[in-house]
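Heads up: the structure comes next, in structure tokens.
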Amino acid sequence: MGCREIRYLARSVHAGGFSLAARVLRVAQPAVSRQIRKLEQELGVDLLVRHGRGVRLTGAGSVLLERSEQMIHFLRQTGDAVKTSANLVSGHVGLGLPPAAGLLLASPIVRTFQREFPQVALHVRDGISNLLQEWLLDGRVDVAVLYNPPPMDALQSEVVLHEHMVVVEPPDGTTRAKRIRPQIGTCRIRDLADMPLIMPSLPHNNRRIAEQAALQHGVHLRVKLEVDSVSLAKAMVKNGLGCTILAYNAVHNEVQRGELKMRVIERPALMSTVAVAVLRERRTQRLPNELRRTVIAEVNRLVADGVWQRYTAR
């Protein structure tokens, strides 16, 4: 296997076919097809399914592409380390963001970081915190924003803020009125036992801290549906399929618009922790460290400006 064959495979998959991949790569289409066929013959497996509309990965192709992306990222890191040692601030660095926080953070982080390091290519990926942890460990991202990360020796995490966890429910009455009073109440952890919950599956960090808090207070959570996507869980709540537990900022806007109702978990409060993490062995390298500092500064700025909403008792 060589880098050329891997690159042709990745371009063909991302483009959905050989023709567009060839145009992006600026080579003849038969050359792309020939290199991928050569790779399949060398490995003895089919990597792509060819069909009338283009190509798609086989199971073996998915494994190869995922492993290859890790190797390519490692090669880029190696090149970056060499360039950095020569005081050239250029290279590649990867950032992982949870979906909800990413909507707030991605643009200001990219804008600030590119202004300070215009020669650095920044790769932004989104995923749930458990997935982001895996990407940190295998080198697919260099810095990640994590919700409620468990202690891990391989990672250095810095807590940047704490958020109230809230129960999210369908609103009472109509949400179409011109003036809508936000429906905000409170509840206790023991009240969770009576609620039909829509929750992410374990080991999702939100589910883990909710289960731990319930266990400490002798409560058994009644999980009706397991849904890992925050946006999908909120949509199901809006349609009356149950309720869910989220950090306050993730639902603030919908509550203010009257689309959802929330109850802050109190007595005791259930808090969600937001942390910025980096692989411990890379914490002193320039680009990951500069990106980590940028992320922390942008989180603090968004909180100070009121863009990242935090619950305060009314």
Side-chain angles (χ1 to χ4, degrees), residues 97-101 104 127-134 144-153 155 157-171 182-238 240-255 260-277 299 303 308-314:
L97 297 172
L104 295 176
I128 61 175
S129 290
N130 302 75
L131 193 56
L132 295 177
Q133 287 170 200
E134 293 180 15
V145 175
L146 305 175
Y147 277 97
N148 309 304
M152 298 185 71
D153 291 339
L155 299 182
S157 299
E158 181 173 348
V159 175
V160 288
L161 61 91
H162 299 277
E163 291 187 281
H164 281 84
M165 299 293 285
V166 301
V167 175
V168 185
E169 301 172 300
Q183 298 176 33
I184 302 175
T186 62
C187 68
R188 294 167 292 185
I189 288 180
R190 70 185 187 186
D191 297 329
L192 301 179
D194 301 322
M195 300 179 183
L197 293 173
I198 301 170
M199 295 290 290
S201 57
L202 288 168
H204 192 289
N205 291 345
N206 276 6
R207 173 74 175 272
R208 177 175 52 80
I209 66 165
E211 292 278 8
Q212 288 176 349
L215 184 63
Q216 290 171 2
H217 293 81
V219 174
H220 176 71
L221 298 183
R222 184 159 63 96
V223 179
K224 179 181 179 183
L225 288 170
E226 289 189 335
V227 177
D228 290 343
S229 164
V230 171
S231 58
L232 188 55
K234 289 193 291 187
M236 290 185 172
V237 173
K238 288 180 184 179
L241 297 177
C243 52
T244 191
I245 300 173
L246 295 172
Y248 171 70
N249 183 67
V251 74
H252 167 81
N253 291 334
E254 289 91 340
V255 171
L260 290 168
K261 170 184 174 181
M262 80 173 198
R263 287 194 276 169
V264 182
I265 302 172
E266 296 182 343
R267 292 179 292 170
L270 183 59
M271 305 298 293
S272 177
T273 299
V274 181
V276 178
V299 171
V303 172
W308 190 311
Q309 295 290 336
R310 302 177 69 182
Y311 173 76
T312 53
R314 288 164 172 77

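Numbers for residues simply follow the sequence, beginning at 1.
- At a threshold of 4.5 Å between non-hydrogen side-chain atoms, the residues V303 and L161 count as touching.
- Side chains of V274 and V159 form no contact here, defined as non-hydrogen atoms less than 4.5 Å apart.
- Here the side chains of N249 and L104 are in contact, with some heavy-atom distance below 4.5 Å.
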Inset, instruction - Give the intermediate values and the outcome of side chain to side chain contact (heavy atoms under 4.5 Å, CB included) for residues V167 and M262. - result: CA-CA 5 Å; V167 175; M262 80 173 198; over 6 Å; no
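- Contact of the P200 side chain with the I128 side chain is not registered, since no non-hydrogen atoms from C-beta on lie closer than 4.5 Å.
- Taken to the nearest 0.5 Å, the OG1 atom of T186 stands 11.0 Å off from the CD1 atom of I184.
- Between M271 and I209, the shortest heavy-atom contact is O-CD1, 3.7 Å.
- Minimum heavy-atom separation, I189 to A214: CG2-CA, 4.1 Å.
- By the side-chain contact (heavy atoms from CB on, under 4.5 Å) test, P99 pairs with D126, sequence neighbours left out.
- Nearest heavy atoms, N205 versus Y147: ND2-O, 2.8 Å.
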Inset, instruction - Test side chain to side chain contact (heavy atoms under 4.5 Å, CB included) on H217 and R190 and set out the steps. - result: CA-CA 7 Å; H217 293 81; R190 70 185 187 186; 5.8 Å; no
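- With sequence neighbours excluded, the residues forming a side chain to side chain donor-acceptor pair (under 3.5 Å) with N206 are N148, listed by chain and number.
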Legend entry - Residues M199, V227; criterion side chain to side chain contact (heavy atoms under 4.5 Å, CB included); working and verdict: CA-CA 6 Å; M199 295 290 290; V227 177; over 6 Å; no
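- In terms of heavy atoms, I198 sits closest to A233 at CG2-CB, 4.2 Å.
- Side chains of L246 and M165 form no contact here, defined as non-hydrogen atoms less than 4.5 Å apart.
- Closest of all the heavy-atom pairs between R263 and C187 is NH1-CB, 4.0 Å.
- Among pairs with a residue in residues 228-237, those fulfilling salt bridge (charged side-chain N to carboxylate O under 4.0 Å, His left out) read K234-E254, at least two apart in sequence or across chains.
- When side chains are defined from C-beta on, K238 counts as touching L260, because their heavy atoms get closer than 4.5 Å.
- Remark: L146 engages S129, L132, Q133, L136, A144, P149, A277 in a side-chain contact (heavy atoms from CB on, under 4.5 Å) (not counting sequence neighbours).
- Contact check for I245 versus I265: side-chain heavy atoms found under the 4.5 Å cut-off.
- K224 pairs by the side chain to side chain donor-acceptor pair (under 3.5 Å) definition with nothing, not counting sequence neighbours.
- Within the structure, salt bridge (charged side-chain N to carboxylate O under 4.0 Å, His left out) pairs that include any residue of residues 194-211 comprise R207-E211, R207-E226 (at least two apart or interchain).
- A donor-acceptor pair is defined here as one N or O able to donate and one able to accept, closer than 3.5 Å; no such pair exists between the side chain of S157 and the backbone of V276.
- What you find for Q183 and V255 is that their closest heavy atoms are O-CG1, 4.1 Å.
- The side-chain heavy atoms of N130 and H204, taken from C-beta on, include a pair separated by under 4.5 Å.
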